[in-house]
Amino acid sequence: MQRQLLGQTQLRRSKYRVGSGVLVRFLWLCGYLSVTFAALLSTYAFPELLSVFRQQRSQKYTNYQITAKGGDLGVQSRRTELSWKQEFLPPHVSRGNLANVTADNHDGYNKSRGYLLVSTNGGLNQMRAGICDMVAVARLINATLVIPELDKRSFWADNSNFSDIFDDDYFIEALRGDVPVVKKLPPELASAPRASRQFRSWSNTKYYEEEVASLWDEYQVIKASKSDARLANNDLPSDIQKLRCRVHYDALRFAPVIEAFGKMLVERLRANGPFIALHLRYEKDMLAFSGCTYGLTDEDADLLTLIRYRTPHWKVKEINAAEQRAKGFCPLTPKEVGIFLKSLGYPESTQIYVAAGEIYGGDERMADLRMYFPNLLRKETVATADELAPFKNHASQMAALDYIVSVESDVFVPSYSGNMARAVEGHRRFLGHRKTIIPDRKELVALFDKLEIGELEEGSELSRSIVLLHRQRQGAPRKRKGPIKGTKGRDRFRTEEAFYTNPLPDCLCTKPGMSGKASSSRKHQTFLHAVSDLGSKVEHQAVMAARDLQQ
């Protein structure tokens, strides 16, 4: 009897030990799979997710609404605290695309073979784009970049230096690990022979890595005599494209005094509600360059033509003004802008900040726009003369203030697709595809001509036509446009959409359902496959463990 009881006790203990062992193995397996799953999340998902969560916690939004007829043509919700160059990473931007190399890492580039000097050309935003490209060129040819020289001989005759407009110390530090940057050429190389070249326009990496880099065999200093459009828009390595974005939207930030003043202008404007930033490209130089004289007197037309002929680097001299306008190559006049915005449904009480230089024709010409929107504002009306005095005689610094206000506006509308308009559009895309309405000038001119001859009247019919024309021209995500069909040779590159106008897909994440062929990032797809595979394994292991417990 005692032996029988002892046997039963030992059997129960044996079953208990088996059950306990299965339970321990099951718990160990769950722990192991949890750690593995967490590792996958941290590798593939958390870098992006954390940036989203942090941004959501850090940003407070104030909702504004301007009623617009015929659809969503109002303003977007905007945050109240501005940090346009220092904001948290937008949720649509891949952290991997913009990850800064740590300051201690000097191995992000190959050893420098010499120094690259750069003479920029053009206005503020033409120079900005050129500087960004020259940073990429310095990386391609393994050069140390010397802080670029700004153009002081352009139409605007601004004598500002780099440090007057940009934060040079931040520029150098932000690019550490990508490209070495110094403020001056070393004294021992000041008089050294240098290769001065005008780099070929819209060139690819092969041109720089082979033809330009070969100059190091004979020289220690290479000078780029121009900086604009020296690098192709498309078909460049991913790291070069990301570097261009990192420079344009981060490293090349404005000097602290300009940033602070620009922020103050925005805060004063927003204190009175939402506002439209209108880049009204109707200055004397623009009209002279484009040959657009519609609505002007014969005397005005003769003066603008004379300016064009006396400006040597403007290659096109003979221009048919009527043809130019009919093709949509002319900036909208102040009156045409008024009709356009009214037709989109904006009420006459709307604040409109005019981001521009001196308008040709002055107050008399602006009266045509003020008739539709009397609440017109400029730097000179938002700030006092004393506040503006430090910037007043520096066209590029004044343009930088307009740039900041335009980037932070509730709606941005350019009357012409110049360098600033393209730069602001691209920056607003980068910051979350903020509403940017690009007028279809060719179609609008056809409608305005009908108004002039009495075939059409301002009202619901015109409004409906203009709204429909611009439903797909408000800054929604889309891939950058390639060359115009039928173009050949170097004209193909000339007709491509500028890189800084639309950095998608190179510097922005793409999502399923986006226009074009954009799709989820490879990292995200890898994460989804990994999670799917892990989920199947977890399910199988759990079923097997449950069976063991039941046995």
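Computed over heavy atoms, backbone and side chain alike; hydrogens, waters and symmetry mates excluded. Everything numeric here is computed off the predicted structure, so don't read it as measured data.
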Item to complete: Kindly indicate, with the supporting measurements, whether the criterion ring-ring contact (aromatic ring centres under 6.0 Å, His included) is fulfilled by F166 and F171.
Response: CA-CA 8 Å; F166 304 109; F171 182 70; 7.9 Å; no

Item to complete: Evaluate the side chain to side chain contact (heavy atoms under 4.5 Å, CB included) criterion for residues L252 and C132: first the C-alpha distance (whole Å), next the side-chain angles of each, then the deciding distance (0.1 Å), finally the verdict.
Response: CA-CA 8 Å; L252 196 60; C132 296; 4.1 Å; yes

Item to complete: In sequence, state the C-alpha distance, the side-chain angles, and the governing distance for R253 and D167, and then conclude on side chain to side chain contact (heavy atoms under 4.5 Å, CB included).
Response: CA-CA 6 Å; R253 67 172 52 166; D167 188 336; 4.0 Å; yes

Worksheet item: For D133 and F499, what are the C-alpha separation, side-chain angles and deciding distance, and is it a side chain to side chain contact (heavy atoms under 4.5 Å, CB included)?
Response: CA-CA 10 Å; D133 281 358; F499 178 80; 5.9 Å; no

Practice prompt. Check step by step if side chain to side chain contact (heavy atoms under 4.5 Å, CB included) holds for I258 and L401.
Written response: CA-CA 7 Å; I258 293 177; L401 296 174; 4.0 Å; yes

Item to complete: Run the numbers on E259 and K263 for salt bridge (charged side-chain N to carboxylate O under 4.0 Å, His left out), then give the verdict.
Response: CA-CA 6 Å; E259 281 207 43; K263 178 179 178 179; over 6 Å; no

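Here the options are R480, R478, K479, R422, the test is side chain to side chain donor-acceptor pair (under 3.5 Å), and the partner is E497; only R478 passes. Exactly one of R434, Q351, R270 qualifies for a side chain to side chain donor-acceptor pair (under 3.5 Å) with D410. That residue is R270.
When all heavy atoms of V413 and P439 are compared, the pair lying nearest together is CG1-CG, 4.2 Å. Here the closest heavy-atom approach between residue I165 and residue S396 is recorded as CD1-CB, 3.4 Å. Heavy-atom minimum distance, Y403 versus A423: OH-O, 3.6 Å. Listed here is the closest heavy atom pair of K152 and N159: CE-O, 3.4 Å. Of all the heavy atoms in P483 and T495, the pair that sits closest is CA-OG1, 3.4 Å. When all heavy atoms of A136 and L231 are compared, the pair lying nearest together is CB-CD2, 3.8 Å.
Residues passing the ring pair (Phe, Tyr, Trp, His ring centres under 6.0 Å) test with Y500, sequence neighbours excluded: H248. Looking at residues two or more places apart in sequence or on another chain, you find a side-chain contact (heavy atoms from CB on, under 4.5 Å) between D151 and T120, N121, M127, R153, S154. Not a single salt bridge (charged side-chain N to carboxylate O under 4.0 Å, His left out) links D158 to another residue, sequence neighbours left out.
Contact of the S290 side chain with the I319 side chain is not registered, since no non-hydrogen atoms from C-beta on lie closer than 4.5 Å. Looking at L376 and M366, their side chains come closer than 4.5 Å, going by heavy atoms from C-beta outward. Here the side chains of I131 and F162 are in contact, with some heavy-atom distance below 4.5 Å. A heavy-atom distance below 4.5 Å is not found between the side chains of Q397 and F254. For the pair L377 and F275, the minimum side-chain heavy-atom distance is 4.5 Å or more. Side-chain contact between L304 and K284 is present, with heavy atoms from C-beta onward closer than 4.5 Å. Proximity of S409 to I276: side-chain heavy atoms (C-beta onward) are nowhere separated by under 4.5 Å. Here the side chains of P334 and Y282 are in contact, with some heavy-atom distance below 4.5 Å.
In terms of modelled atom types and a separation under 3.5 Å, the side chain of Q241 and the main chain of N233 share a donor-acceptor contact. Between the side chain of E283 and the backbone N or O of G357 there is at least one donor-acceptor pair closer than 3.5 Å. Not a single donor-acceptor pair under 3.5 Å links the side chain of R464 to the backbone N or O of L462. The backbone N or O of H470 lies less than 3.5 Å from a partner atom in the side chain of Q474, making a donor-acceptor pair. Although no hydrogens or angles enter the test, the distance criterion places no donor-acceptor pair under 3.5 Å between the side chain of T305 and the main chain of A288. No donor-acceptor pair closer than 3.5 Å links the side chain of R281 to the backbone N or O of S415. Using modelled atom types, no side-chain atom of R428 and backbone atom of H433 make a donor-acceptor pair closer than 3.5 Å.
Between Y353 atom OH and L269 atom CG the span is 7.0 Å, to the nearest 0.5 Å. Annotation: the span from L369 atom CG to L280 atom CG amounts to 7.0 Å, rounded to 0.5 Å. The CG atom of L444 sits 6.0 Å away from the CG atom of L332 when rounded to the nearest 0.5 Å. Atom OG of S406 is separated from atom CG of L278 by 9.0 Å, given to the nearest 0.5 angstrom. Rounding to the nearest 0.5 Å gives a distance of 7.0 Å between CZ of R429 and OG1 of T436. Atom CG of N419 is separated from atom NE2 of H279 by 8.5 Å, given to the nearest 0.5 angstrom.
Look at K242 and D506 and you find no salt bridge, because none of the NZ, NE, NH1 or NH2 atoms lies under 4.0 Å from a carboxylate O. A salt bridge links E387 and R268; the closest N-O separation between the charged side-chain nitrogens and carboxylate oxygens is under 4.0 Å. Salt bridge R365/D363: absent, no basic N to carboxylate O contact under 4.0 Å. With respect to the salt-bridge test (charged N to carboxylate O, under 4.0 angstrom), the residues R494 and E496 do not qualify. Taking a cutoff of 4.0 Å between a charged side-chain nitrogen and a carboxylate oxygen, E336 and R325 qualify as a salt bridge. Between K342 and E348 no salt bridge is recorded (no basic side-chain N to carboxylate O distance below 4.0 Å).
Applying the salt bridge (Lys or Arg N to Asp or Glu O under 4.0 Å) definition to pairs two or more places apart or across chains, none involves residues 309-324. Applying the salt bridge (Lys or Arg N to Asp or Glu O under 4.0 Å) definition to pairs two or more places apart or across chains, none involves residues 291-307. Annotation: salt bridge (Lys or Arg N to Asp or Glu O under 4.0 Å) contacts involving residues 367-383, sequence neighbours excluded, comprise R378-E380, K379-D402, E380-K392.
One side chain, Y372 or E458, offers a donor N or O that lies under 3.5 Å from an acceptor on the other.
Few gaps surround CG on D239; more than 12 heavy atoms of other groups in view lie less than 6.0 Å from it.
Ring geometry for W314 against F289 counts as perpendicular: the plane angle is over 60°, on a 0 to 90° scale with 30° as the lower cut. In this pair, H427 and Y249 present their aromatic rings perpendicular. The plane angle is above 60°, beyond the 30 to 60° band.
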